[in-house]
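Below is one structure, written out as structure tokens, with a few remarks after it.
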Amino acid sequence: MTLQPDRVKQRRRALHLSQEQLAELTGVNQPQISRWELGENDITGGTLTALAQALGTTSDWLLGLSESPFQMVASETTLDSLEYELVTALRIVKPSHRHVLLVLARELADLD
């Protein structure tokens, strides 16, 4: 399967991930991420799933089969795009760091 290389890089940068961080999240090495972003290598099904999850997007979008990077399910239809980005970012943070994000969000809410 052939990825849209610009989309991989775009999502990675939007999430402020380095190639090394994305490689760790997907279980591949950093040179493989670079080859995907350059359009030099194809991807297998299992790895495509891991990449889409790490980037908080859909496999269809990464492959150029969809124009929207997000697939909204019924329970998420009340989220706007920024809220969805926040949830996506939260999902890729190490579980041990999620509490820190929750504390920060609550502190910000208290400022309003």
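All of these numbers come straight from a predicted model, not from anything done at the bench.
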Between Q4 and L62, does a side chain to side chain contact (heavy atoms under 4.5 Å, CB included) hold up when you go through it step by step? CA-CA 6 Å; Q4 297 293 309; L62 290 172; over 6 Å; no
Could you walk me through whether W36 and K9 satisfy the side chain to side chain contact (heavy atoms under 4.5 Å, CB included) test, starting with their C-alpha distance in whole Å, then the side-chain angles of each, then the deciding distance to 0.1 Å, before giving a yes or no? CA-CA 9 Å; W36 287 336; K9 183 182 269 187; over 6 Å; no
Let's go through L3 and L63 carefully: what are the C-alpha distance in whole Å and the side-chain angles of both, what is the deciding distance for side chain to side chain contact (heavy atoms under 4.5 Å, CB included) to 0.1 Å, and is it a yes or a no? CA-CA 5 Å; L3 292 169; L63 295 171; 4.2 Å; yes
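For L111, the side-chain contact (heavy atoms from CB on, under 4.5 Å) partners two or more places apart in sequence, or in a different chain, are L108. Residues meeting the side chain to side chain donor-acceptor pair (under 3.5 Å) test with Q53, sequence neighbours left out: none. Residues passing the side-chain contact (heavy atoms from CB on, under 4.5 Å) test with L25, sequence neighbours excluded: L17, A54, I92. Partners of L101 under the side-chain contact (heavy atoms from CB on, under 4.5 Å) rule, at least two apart in sequence or in another chain, are L90, V93. Applying the side chain to side chain donor-acceptor pair (under 3.5 Å) rule to R7 yields no partners; only residues at least two apart in sequence or on another chain are considered. Every residue two or more places apart in sequence or in another chain that forms a side chain to side chain donor-acceptor pair (under 3.5 Å) with T47 is listed here: T44.
Side-chain contacts under 4.5 Å among hydrophobic residues (ILVMFWY), followed directly or transitively, place L104 together with V100.
The salt bridge (charged side-chain N to carboxylate O under 4.0 Å, His left out) contacts involving residues 17-46 comprise R12-E37, where partners must be two or more places apart or lie in separate chains. Among residue pairs with one or both ends in residues 97-106, none qualify as side-chain hydrogen bond (donor to acceptor under 3.5 Å, both in side chains); sequence neighbours excluded.
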